[in-house]
Q: 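For reference, the structure I am asking about is given below.
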Amino acid sequence: MTDPDKQVWNDLLANLRTHHAAAWRKWFDDLEPLGIHGGSLVLRARSDVHRDYLRRDCLDAFNDALRSVTGQLLTVRFLDPGDPGPKTTPASKSSLSQRPEPAHAPSEAQLAAHPDALVINPDYGFENFVVGPNNRLAHAASVAVGEKPGHAYNPLFIHGDVGLGKTHLLQAISLRIKQANPSAVIHYVSCDGFISDFMNAVQSGKMSAFRHRFRNVDMLVIDDIHFLAKRDRTQEEFFHTFNTLYQSQKQIVLSCDARPEEIPDLEDRLVSRFNWGLVTKIEAPCYETRVEILKSKARLRHIEMSDAVACHIASKIDSNIRELEGAITKLQLLVAVDKQPITLELARMALGDSPQRVARHPTIDAIINVVTDFYSVKRIDLLGKRRHKSISQPRQVCMYLARKMTRHSLEEIGAHFGNRDHTTVMHAVRTIESKQTADTDFASVVQSLVRSLDDEYVRAS
Ligand code: ADP
Ligand code: MG
């Protein structure tokens with residue numbers, strides 16, 4: 001690579017870091033720049049996992065940064081580690097200093113795998129996963145599966161609320177297996193990916209290609225398997241996929257928002273199969289674990305974060321880890337713009353918190369008050385057994401609000417409302433969620449209830 005090209009590369013890295021802070025990663029430094037060829041800056045990635053991730057999640061940021069630093073319409077191309085790169089004949093090679101060219105490189109948008117396959121994030125390795133009391137078992141089982149796929153726990157079924165690290169563990173397992181055996185065939189899809197791939201295969205009569213894709217693999221990973229609920233034909237197909245893989249000792253890894261028994265309308269034979277291996281739950285992280293996760297995320301982004309700042313954020317945000325990440329991104333942007341260190345003051349300001357606004361949840365009692373007021377129903381009916389719609393809908397709204405706004409488990413919420421079981425609560429939550437999507441008037445009612453509960457708690461604190 002010529003010196004001017006090297007300069008472009010260094011400028012590009014600096015530009016990414018300041019102007020695309022949220023996309024920027026420390027490991028970008030390890031990309032190998034091969035120079036500018038035919039209107040493209042060619043970069044070789046460390047692995048095909050990195051290449052796929054760069055193509056899907058980072059291309060726009062790289063192109064934008066490249067155009068800013070060169071002032072020319074160039075594009076970035078990411079290559080595999082095994083790719084020898086463009087031939088450096090005088091005709092094909094053009095250093096930026098010699099002969100600037102317009103961009104006419106092929107699009108990098110196409111993905112290596114099947115369109116429904118998910119892309120693995122190289123940051124989601126075990127080395128970046130903080131182990132705490134909330135996830136110790138799920139982590140240990142994932143490591144075991146990563147080391148002995150098909151032989152440790154099969155299937156491995158990880159469940160827990162949103163944003164607690166299920167996808168991270170699924171990807172960590174995949175990364176570990178790929179590291180040990182780059183030729184291992186891993187098919188990693190969302191449940192929706194499985195469903196839509198199946199429906200397309202049925203419609204286009206391409207079932208054998210579909211079956212090949214899902215059954216001729218060393219490991220099948222399906223994220224958010226709860227979306228199989230109520231999908232009879234897809235469940236049937238998945239049942240056979242499962243059996244084929246299981247019988248040939250191929251690994252199956254699933255994530256879910258609930259235990260197998262709690263997935264509504266899931267065939268019994270699938271419920272029982274999901275329980276054949278190991279079913280393990282991830283809980284919400286405690287304060288100490290949240291602090292460690294923040295520090296780990298900050299390290300990945302090369303941000304200096306003092307203990308005081310990490311502790312402050314961890315004490316403010318106690319629900320899901322994605323929100324912790326959101327806070328870091330916000331701080332990172334501020335720091336990039338203002339070039340100041342992250343102080344406690346800055347963190348306070350960025351999180352928009354007045355000092356009295358501590359994380360507090362409304363009580364189930366407060367929720368019942370607000371809902372009975374709004375619907376003019378009696379508390380005793382709400383807590384009783386009546387199933388008439390005039391009662392059952394407000395009851396479902398209560399369960400939904402309790403699930404979203406408090407830390408009570410499904411079981412606890414069920415117990416509150418006439419000793420109903422957790423599946424009833426889950427069903428209520430789903431019903432209210434989908435009704436809100438379908439009916440905007442209803443959605444605004446629910447939103448107004450949420451707001452009045454929020455107000456209540458601000459007044460109380
Ligand atoms: P889920 O799939 O359960 O909804 P994700 O795996 O997407 O959750 O996690 C949300 C975010 O939280 C991701 O950025 C993930 O890396 C991070 N995260 C969750 N748990 C941990 C952990 N124990 N250590 C580090 N990061 C974590
Ligand atoms: Mg997930």
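This one's a predicted model, so the numbers in the text were calculated from it and none came from an experiment. What's counted below: heavy atoms across the whole structure, side chains too, no hydrogens, waters or symmetry copies. Remember, it's 1-based here, ligands and their atoms both numbered in the order they're listed.
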Q: Report the C-alpha separation of R430 and E262 in whole Å, then their side-chain angles, then the decisive distance to 0.1 Å, and conclude whether the salt bridge (charged side-chain N to carboxylate O under 4.0 Å, His left out) test is met.
A: CA-CA 12 Å; R430 290 229 167 80; E262 293 171 349; over 6 Å; no
Q: Within a distance under 4.0 Å of any heavy atom of I321, pick out the atoms of ligand 1 and give their elements.
A: 12 (O), 17 (C), 18 (N), 19 (C), 20 (N), 21 (C)
Q: Identify the closest protein heavy atom to atom 14 (O) of ligand 1: which residue and atom is it, and at what distance?
A: E325 OE1, 2.5 Å
Q: Checking D224 against C256 for the side-chain contact (heavy atoms from CB on, under 4.5 Å) test, could you report, in this order, the C-alpha distance in whole Å, the side-chain angles of both residues, the deciding distance, and whether it holds?
A: CA-CA 5 Å; D224 294 329; C256 190; over 6 Å; no
Q: Have a look at ligand 1 and work out which part of N135, if any, has a heavy atom under 4.0 Å from it: side chain, backbone, both or neither.
A: side chain
Q: N/O to N/O below 3.5 Å, does that happen between L164 and ligand 1?
A: yes
Q: Could you find the nearest protein heavy atom to atom 7 (O) of ligand 1 and give me its residue, atom name and distance?
A: R322 NH2, 3.1 Å
Q: Which atoms of ligand 1 sit under 4.0 Å from any heavy atom of V162?
A: 4 (O)
Q: Write down the atom of L401, the atom of L453, and the distance for their closest heavy-atom approach.
A: CD1-CD1, 4.1 Å
Q: If you measure from each non-hydrogen atom of K297 to ligand 1, which part falls under 4.0 Å: side chain, backbone, both or neither?
A: side chain
Q: Find out whether the Lys NZ or Arg CZ of R269 is both under 6.0 angstrom from the six-membered ring centre of F239 and within 45° of the ring's axis.
A: yes
Q: Counting only heavy atoms closer than 4.0 Å, does ligand 1 sit against the backbone of D123, its side chain, both, or neither?
A: neither
Q: Is the distance between the ring centroids of F126 and H139 under 6.0 Å?
A: yes
Q: Give me the residue, atom name and distance of the protein heavy atom closest to atom 13 (C) of ligand 1.
A: Y124 OH, 3.3 Å
Q: Measure across I225 and C191 and return the closest heavy-atom pair with its distance rounded to 0.1 Å.
A: O-SG, 3.8 Å
Q: Below 2.8 Å, can you find an N, O or S atom of T167 next to the Mg ion (ligand 2)?
A: yes
Q: Which part of V130 is near ligand 1, with near meaning a heavy atom under 4.0 Å away: side chain, backbone, both or neither?
A: both
Q: With atom 4 (O) of ligand 1 as the reference point, say which of G165, S296, G163 has the nearest heavy atom.
A: G163
Q: Which of the numbered atoms in ligand 1 are under 4.0 angstrom from any heavy atom belonging to I293?
A: 21 (C), 22 (C), 23 (N), 24 (N), 25 (C), 26 (N)
Q: Among protein heavy atoms, which lies nearest atom 2 (O) of ligand 1, and at what distance?
A: T167 OG1, 2.7 Å
Q: By number and element, which atoms of ligand 1 are closer than 4.0 Å to a non-hydrogen atom of N128?
A: 24 (N), 25 (C)
Q: Got L164 and N135 here, is their nearest side-chain heavy-atom distance under 4.5 Å?
A: no
Q: Give the minimum heavy-atom separation between K178 and A184, together with the two atoms involved.
A: NZ-O, 3.4 Å
Q: Looking only at side chains, do S190 and D192 share a donor and an acceptor under 3.5 Å apart?
A: no
Q: Which atoms from ligand 1 have a heavy atom of D161 less than 4.0 Å away?
A: 3 (O)
Q: Do Q249 and N154 touch side chain to side chain, with heavy atoms closer than 4.5 Å?
A: no
Q: What's the verdict on side-chain hydrogen bond (donor to acceptor under 3.5 Å, both in side chains) for E412 and H416, showing C-alpha distance, side-chain angles and the deciding distance?
A: CA-CA 6 Å; E412 287 165 346; H416 241 90; over 6 Å; no
Q: Which heavy atom of the protein is the closest neighbour of atom 15 (C) of ligand 1, given with residue, atom name and distance?
A: H168 ND1, 3.4 Å
